[in-house]
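To keep things clear, I will list the structure first and then write my remarks on it.
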Amino acid sequence: MSDRAESCSEDEFFEANEDLSSSSSSKLVNDVEKMAIAGRKPIAPGCSLNLPNRRGDDVVVVADTTRTQQEEDDLEANIEGSKSVITHLLSQVRVGMDLTKVVLPTFILERRSMLEMYADFFAHADLFARIPDYSTPRERFVEVVRWYVSSFHAGRRSSLAKKPYNPILGETFMCLWDVEKSVPADHDVPEPMLEKGPVPWAHRNCVSFIAEQVSHHPPVAAFYAEHPGKRVSCGAHIWTKSKFLGLSMCAQLVGEGSLTDHVHDETYRVTFPSAYARSILTTPWMEMGGKVELTCKQSGLSATIEFLCKPFVGGSRHRIIGELRETNEKKPFMTLDGLWNGVIHAKSGNQTSVFVDTTTMMTVPKLVQALENQGLTESRRLWKDVTANLPHNIAVATDAKVVIEEKQREEARRRKETGAEWHQMNFHGTIENGFKFNHPLSTRL
């Protein structure tokens, strides 16, 4: 890996919008048409979905959308017109400085919380749910790798680097992906198993997800997803460390994820790459970088995946390479090469084939509760006034953001004065040892 990639840490420079604005309508039409061709049942934003949820609350789907081209142009114009603000901001920091407490301009924010961004790891929920279907340890491991390398493109479709909202302490995000048509459940799921799961209104044949900001200083988030009917689950904790690097910013995701196939009693541990916002004085763009490991103790299989940063001279952006190995074998049984947001090829022996093609793969839309049915600290409801006013009403969006952040500071001061401790709602653990979901699937089988 190049020195440039090795020298960096990380923060939160990712993107992928989801809102209910009319600007997403043309993209939605295209998505619905593609879903129909692929045999999936399209569901429009704002429509009630006939899910067998127990509480009777409305559940709506919000189509994954990027900004329209006009919104992208507006954002770039905002950046161009605000370079004096950025220059002043950069004058307050030094190379290597931790950016955790640095307040970045509102106009470069992505219109969603970092917690919702983590949900994009499951944008291909069908790949995740199918992992237990394969008969051999090697086949299952290859599918874990396929799911993993395909999980980064969904939330990073724009060429511009944008930063999600910093979640406040105790903030949560819940959603699910309905995979009933593409991945039929193999196991019966009684009601009690669902009631203690991550999403109370989930049904037996879906991937459900919850994320919570479990610490503010340092900023640590935990998330958990499961498909009870397929007996597969995944949990992770991520400490976001950010640094200023001169002409770029870097966000390092410190922590690990753990995917468990409960059918075959296999656990796969994964780490995460870093993210970089480059060219921050002109038009910032985003790339991933760093080496990650995927391992399975039970089978002895392992993979090393490297996200390559673009060299200063020549080379391409967004390249990824990888090697998959059996226990104690020096020679990999499969190698990977391609673009993590494009096509990745796999070579096994003398055979080369397409391993992942993110340009044609359909993502599964997230299902969320209607805004009015969400709790006060659920991400979309919490940040709704900020989201509604970006990118055009920057001053109003900034004021709404300040209100949220000042309330968090006041609550922190109150806890300090009274000696009260913060207790996580859905996860337990420590900064040193990580956080786990309170009621994982393994305890409910």
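Basis for what follows: all heavy atoms, side chains included, without hydrogens, waters or symmetry-related copies.
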> For the residue pair F152 and Y148, is the inter-centroid distance of their aromatic rings smaller than 6.0 Å?
Replying inline: yes
> Are the side chains of V343 and T358 in touch, meaning some heavy atoms are under 4.5 Å apart?
Replying inline: no
>> Quick check: closest heavy atoms across G429 and F435, and the distance to 0.1 Å?
In response: O-CE2, 3.3 Å
> Any side-chain heavy-atom pair from M174 and P200 closer than 4.5 angstrom?
Replying inline: yes
> Between R231 and E226, is the closest basic N to carboxylate O distance under 4.0 Å?
Replying inline: no
> Any side-chain heavy-atom pair from I404 and Y165 closer than 4.5 angstrom?
Replying inline: no
> Taking S208 for the side chain and V199 for the main chain, is one N or O donor matched with an acceptor at less than 3.5 Å?
Replying inline: no
>> Angle between ring planes, F209 versus W177, binned at 30° and 60°: parallel, tilted or perpendicular?
In response: perpendicular
>> Checking side-chain polar atoms at under 3.5 Å, does E171 have a donor or acceptor matched by the opposite partner on S379?
In response: yes
> Side chains of S233 and H262: donor-acceptor distance under 3.5 Å anywhere?
Replying inline: yes
> Taking the side chain from E212 and the backbone from A222, do they hold a donor-acceptor pair closer than 3.5 Å?
Replying inline: no
>> If you define the side chain from C-beta out and look only at heavy atoms, does anything of V368 sit under 4.5 Å from F173?
In response: yes
> Does the pair N341 and R317 meet the rule for a side chain to side chain contact (heavy atoms under 4.5 Å, CB included), with working shown?
Replying inline: CA-CA 10 Å; N341 60 352; R317 298 180 182 180; over 6 Å; no
>> Show the nearest heavy-atom pair for residues C309 and G289, with the distance to one decimal.
In response: SG-CA, 3.7 Å
> Does the pair R204 and E180 meet the rule for a salt bridge (Lys or Arg N to Asp or Glu O under 4.0 Å), with working shown?
Replying inline: CA-CA 9 Å; R204 67 183 295 267; E180 184 171 5; over 6 Å; no
>> Going by ring pair (Phe, Tyr, Trp, His ring centres under 6.0 Å), W147 matches just one of F121, Y268, F128. Which one?
In response: F128
> Is the H187 to H227 ring centre distance short of 6.0 Å?
Replying inline: no
>> I321 vs L308, test: side chain to side chain contact (heavy atoms under 4.5 Å, CB included). Steps then yes/no.
In response: CA-CA 8 Å; I321 58 175; L308 301 174; 4.3 Å; yes
> Do you know which two heavy atoms are closest between F272 and A236, and how far apart they sit?
Replying inline: CZ-CB, 4.0 Å
> Is there a salt bridge (Lys or Arg N to Asp or Glu O under 4.0 Å) between D385 and K401 once you walk through the steps?
Replying inline: CA-CA 8 Å; D385 293 333; K401 178 173 174 283; over 6 Å; no
>> Strictly distance-based, threshold 3.5 Å: is any side-chain N or O of H203 a donor or acceptor partner for the main-chain N or O of N205?
In response: yes
> Just by distance, do the side chain of S215 and the backbone of P218 share a donor-acceptor pair under 3.5 Å?
Replying inline: yes
>> If I take atom CG from residue L382 and atom OG1 from residue T377, how far apart are they, to the nearest 0.5 angstrom?
In response: 7.0 Å
>> Assess, by modelled atom type and distance only, whether the side chains of N350 and K347 contain a donor and an acceptor separated by less than 3.5 Å.
In response: no
>> Distance check, rounded to the nearest 0.5 Å: T240 atom OG1 versus L253 atom CG?
In response: 5.5 Å
>> Checking I344 against V149 for the side chain to side chain contact (heavy atoms under 4.5 Å, CB included) test, could you report, in this order, the C-alpha distance in whole Å, the side-chain angles of both residues, the deciding distance, and whether it holds?
In response: CA-CA 9 Å; I344 301 173; V149 299; 4.0 Å; yes
> Hey, mind stepping through L390 and H392 against side chain to side chain contact (heavy atoms under 4.5 Å, CB included) and telling me if it holds?
Replying inline: CA-CA 5 Å; L390 287 176; H392 301 295; over 6 Å; no
> Below 4.5 Å, heavy atoms only, C-beta onward: do L259 and I131 meet side chain to side chain?
Replying inline: yes
> What is the distance from atom SG of C175 to atom CG of L115, rounded to the nearest 0.5 Å?
Replying inline: 11.0 Å
> Do E139 and T136 have side-chain N/O donor and acceptor atoms under 3.5 Å apart?
Replying inline: yes
> If you take all heavy atoms of P198 and R444, which pair is closest and at what distance?
Replying inline: CD-NH2, 4.2 Å
>> Looking at R381 and Q374, would you say the former's side chain and the latter's main chain have a donor-acceptor pair under 3.5 Å?
In response: yes
>> For a quick test of reading the model, state the closest non-hydrogen atom pair linking H153 to H124 and the distance between them.
In response: NE2-NE2, 2.8 Å
> CG/N426 to CD1/I210 distance, rounded to the nearest 0.5 angstrom?
Replying inline: 3.5 Å
>> Nearest 0.5 angstrom please: F223 CZ to H237 NE2, how far?
In response: 10.5 Å
> Looking at the rings of F437 and Y224, which for Trp means the six-membered one, are their centres under 6.0 Å apart?
Replying inline: yes
>> I'd like to know if the side chain of R146 and the backbone of L127 have a donor-acceptor N/O pair within less than 3.5 Å.
In response: no
>> Do H428 and N438 pair up side chain to side chain, a donor and an acceptor below 3.5 Å, judged on atom types alone?
In response: yes
>> Let me confirm one number: the OH-NZ distance from Y276 to K310, rounded to the nearest 0.5 Å.
In response: 15.5 Å
>> For a 4.5 angstrom cut-off between non-hydrogen side-chain atoms, does R111 reach V386?
In response: no
>> If you apply the rule salt bridge (Lys or Arg N to Asp or Glu O under 4.0 Å), what do you find for R380 with E116, and how did you get there?
In response: CA-CA 9 Å; R380 290 195 178 184; E116 183 167 354; 2.5 Å; yes
> Any chance the side chains of E293 and S302 put a donor and an acceptor closer than 3.5 Å?
Replying inline: no
>> Restricting to non-hydrogen atoms, name the atom on C206 and the atom on P228 that form the minimum distance, rounded to 0.1 Å.
In response: O-CD, 3.9 Å
> Would you call R130-E143 a salt bridge at under 4.0 Å N-O?
Replying inline: no
> Is the shortest side-chain N to carboxylate O distance from D261 to R140 below 4.0 Å?
Replying inline: yes
> Salt bridge or not for E323 and R325, using N-O below 4.0 Å?
Replying inline: yes
> Can R112 and D120 be counted as an ion pair, charged N to O under 4.0 angstrom?
Replying inline: yes
> Is the backbone of Q369 close enough, under 3.5 Å, to the side chain of N373 for a donor and an acceptor to pair up by distance?
Replying inline: no
>> If the threshold is 4.0 Å, N to carboxylate O, is there a salt bridge linking R269 and E256?
In response: yes
> Can you check whether Q213 reaches I168 side chain to side chain, under 4.5 Å on heavy atoms?
Replying inline: no
> Is there a side-chain contact between T295 and L301 (heavy atoms, below 4.5 Å)?
Replying inline: no
